[in-house]
Amino acid sequence: MTHVAIVGAYGSAGVAVADRLVEHVGAEIDRLTLVDDGEPGGGLCILRGCMPSKEVLSTAAHRYQMRHDHRLVGEPPEMDLEAVVETKNEHTSNFASHRRTAVHRMEEREGVAFRHETARFVDDRTLLVGDERIEADYVVVATGSSLNIPDLPGIGDVDYTTSAGVLDATTLPDSGVVMGFGYIGLELVPYLAEAGVDLTVIEHDERPLDEGDPEYGDEILSMYREEFGVEIRTETRERRVERTDDGVRLHVEGPDGEDAIDAEALFLFTGRRPTLDGLELEAAGITPTGEEWVRDTMQTRADDNVYVVGDANGKEPILHVAKEQGHIAAENILADVNGDEHRTYENSHHHVIFSGASVYPYARVGHSVTAAEEAGLDYVAVHREASDDGVFKTKLTPRGRATLVVGTDGTVLGYQGLHYHADVMAKTMQVAVETEADVREIPDRAYHPTTPEILDGLLRSATERLE
């Protein structure tokens with residue numbers, strides 16, 4: 001009898017595992033137990049992540065484009081935050097309901113059970129689910145991630161707003177100071193700015209966007225300052241925070257010494273951490289510390305029959321990564337049952353950040369120039385400015401740039417873009433990178449019809465450089 005238990009079955013990673021395994025119940029697998037205590041269930045991405053954030057960003061995008069279109073006259077409309085949140089809630093509620101329905105539909109198969117309970121380990125591969133003790137042959141942990149609150153002096157004495165709070169806010173302050181300028185901050189700062197919040201952002205490094213080549217971080221800085229009126233303090237560190245009569249005061253230290261920033265509100269966009277509290281992994285002999293506590297096969301080092309996927313393993317908290325890791329875990333469980341070899345998860349870099357109010361998204365697929373150099377690859381890099389693209393001119397979205405990295409043998413190694421429709425191009429370039437396509441054999445205008453010129457220009461430039 002082979003019994004698999006999935007803890008966190010409503011989330012994207014847990015669903016990915018279940019989808020792959022459910023068809024094998026009655027064959028390689030005898031029992032599949034799905035556990036999730038979400039209320040309402042639906043998973044982080046649907047309820048508090050990429051789906052609701054894109055909902056609210058679309059409002060900021062419309063307002064931004066109205067402000068920057070000289071063919072429109074009159075003051076741009078204000079964002080009706082109550083309408084924004086109401087629409088977001090309606091859509092995400094429907095998405096979450098669809099997710100729950102899909103999970104519960106699996107129960108129709110004999111041998112599959114769903115438990116709407118909290119689970120914790122009490123022994124090796126043994127869970128206490130509600131009041132029931134469940135002994136499984138394989139356990140998959142897919143419990144996602146939680147907000148990371150920094151250990152900053154005074155943080156416990158002040159009120160702050162996280163990304164979840166922003167997504168639900170029907171009123172916003174006149175001013176705010178932002179801690180955290182990674183993925184979450186890059187997306188939500190323009191939203192807050194378009195909603196009328198006067199913002200000061202703290203950036204620890206010389207520029208944001210660590211995964212991008214320097215010119216992309218520099219372009220983000222100038223774009224956010226010029227287009228959205230945001231003050232960004234670079235090479236600056238938070239030292240402590242305190243409550244004031246009017247809000248908060250954040251003490252910082254930067255290139256010019258110590259300073260204090262007063263604002264009505266403190267926004268924390270300081271990332272996420274694996275949700276493992278309460279699981280009591282230690283009862284199963286598993287210590288969730290260090291980068292390698294979960295192998296690339298998604299198995300824990302302490303127990304080959306316990307898998308940890310998605311945000312819970314701390315490797316890369318991104319939706320598509322969670323799904324891919326879930327698929328690998330399911331395949332490896334089946335391989336183990338059948339005595340076959342395990343697969344490792346090999347992530348080809350493919351990220352999209354809906355920066356610039358989603359009008360100017362940043363995307364990177366495969367190698368950037370910096371990554372290619374660090375890997376010691378022989379490459380050719382070509383660049384193109386968005387302002388040279390006729391399509392972008394007609395849509396009044398002329399900011400940004402794109403880079404294509406190809407090997408000296410013509411193999412497409414990577415694409416990087418900060419421009420209108422960069423997210424669409426990323427889908428196409430991901431295929432080119434993963435199939436190791438030859439740049440000279442990619443047909444012209446084979447991609448999204450609204451972005452031919454910038455891509456064609458990159459392809460032509462790269463081909464010319466190789467000749």
Side-chain angles (χ1 to χ4, degrees), residues 48 52-53 56-57 59-60 63-64 67 76 78-82 84-85 88 145-209 220-273 355 357:
R48 285 287 181 265
S53 66
V56 304
L57 285 178
T59 312
R63 187 176 189 277
Y64 169 84
R67 286 198 301 112
E78 295 182 1
M79 289 164 52
D80 183 341
L81 296 181
E82 290 189 359
V84 171
V85 173
K88 180 264 298 181
S145 60
S146 304
L147 295 167
N148 178 58
I149 306 303
D151 185 17
L152 182 71
I155 197 71
D157 301 323
V158 300
D159 295 327
Y160 52 78
T161 302
T162 66
S163 58
V166 171
L167 296 176
D168 287 339
T170 55
T171 61
L172 288 168
D174 291 331
S175 65
V177 58
V178 175
M179 291 175 56
F181 203 34
Y183 290 9
I184 300 171
L186 286 170
E187 292 193 350
L188 291 185
V189 161
Y191 171 74
L192 292 171
E194 287 297 328
V197 184
D198 183 13
L199 293 174
T200 301
V201 175
I202 307 303
E203 165 58 42
H204 293 173
D205 300 321
E206 184 179 352
R207 60 181 65 83
L209 205 58
I220 283 282
L221 285 177
S222 62
M223 179 188 295
Y224 279 43
R225 287 165 172 163
E226 297 166 12
E227 305 288 327
F228 298 99
V230 176
E231 179 183 357
I232 303 173
R233 302 277 193 97
T234 57
E235 299 180 274
T236 300
R237 292 274 174 176
E238 306 89 347
R239 295 306 180 201
R240 60 186 177 91
V241 64
E242 62 180 316
R243 183 191 299 271
T244 67
D245 292 339
D246 298 320
V248 296
R249 176 173 296 133
L250 181 65
H251 295 265
V252 299
E253 185 173 359
D256 298 324
E258 296 185 0
D259 191 12
I261 302 167
D262 285 357
E264 287 186 36
L266 172 65
F267 293 98
L268 292 186
F269 304 142
T270 45
R272 306 188 67 82
R273 58 177 179 79
S355 48

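Just so it is clear, the structure is predicted and the values come from calculations on it, not from any experiment.
- Counting non-hydrogen atoms of neighbouring residues, nucleotides and ligands closer than 6.0 angstrom, the CG atom of Asp80 exceeds 12 such neighbours.
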(request) Test side-chain contact (heavy atoms from CB on, under 4.5 Å) on Val230 and Leu192 and set out the steps. (result) CA-CA 10 Å; Val230 176; Leu192 292 171; over 6 Å; no
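- Side-chain contact between Arg225 and Val201 is absent, with no heavy-atom pair separated by less than 4.5 Å.
- Here the CD atom belonging to Glu82 is positioned 5.5 Å from the OG1 atom belonging to Thr170, to the nearest 0.5 angstrom.
- The nearest pair of heavy atoms linking Ala263 to Val177 is CB-N, 3.7 Å.
- For Tyr160, the ring-ring contact (aromatic ring centres under 6.0 Å, His included) criterion is met by no residue, not counting sequence neighbours.
- A side-chain contact (heavy atoms from CB on, under 4.5 Å) with Val197 is found for one member of Val189, Leu172, Val178 and no other, namely Leu172.
- Note: Ile261 CD1 to Ser175 OG = 11.0 Å, rounded to the nearest 0.5 Å.
- Inter-residue side-chain proximity for Pro255 and Thr236 is flagged as met; some heavy-atom pair is nearer than 4.5 Å.
- Of all the heavy atoms in Val85 and Ala169, the pair that sits closest is CG2-O, 3.4 Å.
- Of all heavy-atom pairs between Leu167 and Ser53, the closest is CD2-CA, 3.7 Å.
- Atom-to-atom distance recorded for Thr162:OG1 and Leu266:CG is 10.5 Å, nearest 0.5 angstrom.
- Summarising the geometry, atom CG belonging to Leu81 is positioned 11.5 Å from atom NZ belonging to Lys88; distances are rounded to the nearest 0.5 Å.
- Nearest approach of Ala357 to Pro190, heavy atoms of both residues: N-CB, 3.6 Å.
- Among residues two or more places apart in sequence or in another chain, the ring-ring contact (aromatic ring centres under 6.0 Å, His included) test is passed with Tyr224 by Phe181, Phe228.
- Not a single donor-acceptor pair under 3.5 Å links the side chain of Arg249 to the backbone N or O of Ala260.
- Taking each heavy atom of Pro150 and Leu268 in turn, the nearest pair found is CD-CD1, 4.1 Å.
- Glu194 CD to Leu57 CG: the interatomic distance, rounded to the nearest 0.5 Å, is 11.0 Å.
- Scanning for side chain to side chain donor-acceptor pair (under 3.5 Å) contacts around Glu242 gives His251, with sequence neighbours left out.
- Enclosure of atom CD in Glu78 is not indicated, since only 12 or fewer non-hydrogen atoms of other residues, nucleotides or ligands lie within 6.0 angstrom.
- Every side chain to side chain donor-acceptor pair (under 3.5 Å) that Tyr64 has, sequence neighbours left out, goes to Glu227.
- Qualifying side chain to side chain donor-acceptor pair (under 3.5 Å) partners for Asp205, counting only residues two or more places apart in sequence or in other chains: none.
- A side-chain hydrogen bond (donor to acceptor under 3.5 Å, both in side chains) with Arg237 is found for exactly one of Glu203, Glu253, His204, namely His204.
- Evaluation of the side chain to side chain donor-acceptor pair (under 3.5 Å) rule for Arg233 yields Glu231, Asp259 as partners, not counting sequence neighbours.
- Checked by atom type and distance alone, the side chain of Thr161 never pairs as donor or acceptor with a backbone atom of Phe267 at under 3.5 Å.
- Looking only at side-chain heavy atoms (C-beta outward), Val241 and Met179 stay at 4.5 Å or farther from each other.
- At a threshold of 4.5 Å between non-hydrogen side-chain atoms, the residues Thr200 and Leu250 do not count as touching.
- In this structure the side chain of Met79 reaches within 4.5 angstrom of the side chain of Tyr191, judged on heavy atoms.
- Distance alone, capped at 3.5 Å, is enough to place a donor-acceptor pair between the Asn148 side chain and the Thr270 backbone.
- Atom CD1 of residue Ile155 and atom CZ of residue Arg240 lie 13.0 Å apart, to the nearest 0.5 angstrom.
- Heavy-atom minimum distance, Ser163 versus Leu188: CB-CD1, 3.7 Å.
- For the pair Arg243/Asp157, no side-chain contact is recorded, criterion being any heavy-atom separation below 4.5 Å from C-beta on.
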